[in-house]
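Remarks on the structure that follows.
Scope of the values below: all heavy atoms of this structure, side chains included, with no hydrogens, waters or symmetry mates. Indexing begins at 1, ligand by ligand and atom by atom, following the structure's order. Worth saying up front: this structure is predicted, and the values here are computed from it rather than measured.
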Amino acid sequence: MTTTTSNTLGVHALVWTGQNDPQAVRDAARATAAAGFGLLEFSLHDLDGFDTAQAKADLQAAGVQVAGSRGLAPDADVSSTDPAVVARGADLLRRSVDCVAELGGELLSGALYSAFGKFPAAVTAAGRANAVAALRDLAPYAAGRGVTLGLEVCNRYETNVVNTAHDALRLADDIGADNVVIHLDSYHMNIEEDDFVRPVREVGDRLGYVHIGENHRGYLGSGHIDFPSFFHALVDIGYTGPLTFESFSSAVVSERLSNDLAIWRNLWDDGNDLAAHARRFMADGLSAARRA
Ligand code: MN
């Protein structure tokens, strides 16, 4: 297959910093550009105190695009059956859309349909219907601000609403909005999917965002994720969207997010070396897949 298309390669801010104060954001934007990435993803778990105007200026100065991601919270969860909890979740989603728009971004993704965490039971029909309704309301709100919503497929220990690409497609069908896309993550796929090809083919042109992570979320290539199959599948469906490297270590901690994601281990110390390596791994993997 020959193509001149090159996907934008991104990096998650937790490779650089767990903070969102202006200096940390400026340093992260500069480090992102220096490592050769074109996009920086911020987790929006701490909306308060995020100086979005300053961040937007620093991102633009660095020539870096931006995306936002998040999961919801137990007391603000649109998949709850408690109307007050659902309302707080819907409000959190609207504020997150506003944050992405203020940053100059065009994508809010993640577990937008659920709190993060291991649930004690399967999602109820009423809870899922609440999530559908909330996201159906959110989609035009986001569209009005130029923001696309991504449904990240997360593993069973982080949500009970969407665990497979098939689940995400069904949820997107029920929401029924043009600005809702599917977001695949190799780390979660490794736990839930049959392989790294079928889900990509099933999602097809509804794929809007991709996270590239190892099975342990450390250095790419140091684990057992079948990246050649994944890159081949992405090339085969003609995916032209961003691919963002997601990695976490106890070396860089965001108290809230690190705990939500169960980041207990030190898988790396040097974010600069990790990121430079990931950039090469992703670019080389995609390039090889395009030539195959
Ligand atoms: Mn992810």
- Rounded to the nearest 0.5 Å, how far apart are CE of Met189 and CG of Asp194? 10.0 Å
- Message: Test of understanding: with ring pair (Phe, Tyr, Trp, His ring centres under 6.0 Å), list the residues that count as partners of Phe248, not counting sequence neighbours.
- Response: His12
- Residues clustering with Leu39 (ILVMFWY side chains joined when closer than 4.5 Å, directly or via others): Leu107, Val181, Tyr209
- Protein-derived N, O or S atoms lying less than 2.8 Å from the Mn ion (ligand 1), waters not counted, sum to 4
- Item | For Val86, side chain to side chain contact (heavy atoms under 4.5 Å, CB included) partners two or more places apart | Ser80, Asn130
- Query: Among Thr159, Asn163, Ile182, Asp167, whose side-chain contact (heavy atoms from CB on, under 4.5 Å) with Val153 holds?
  - Reply: Ile182
- Query: Between Arg201 and Asp195, does at least one N-O distance fall below 4.0 Å, as a salt bridge requires?
  - Reply: no
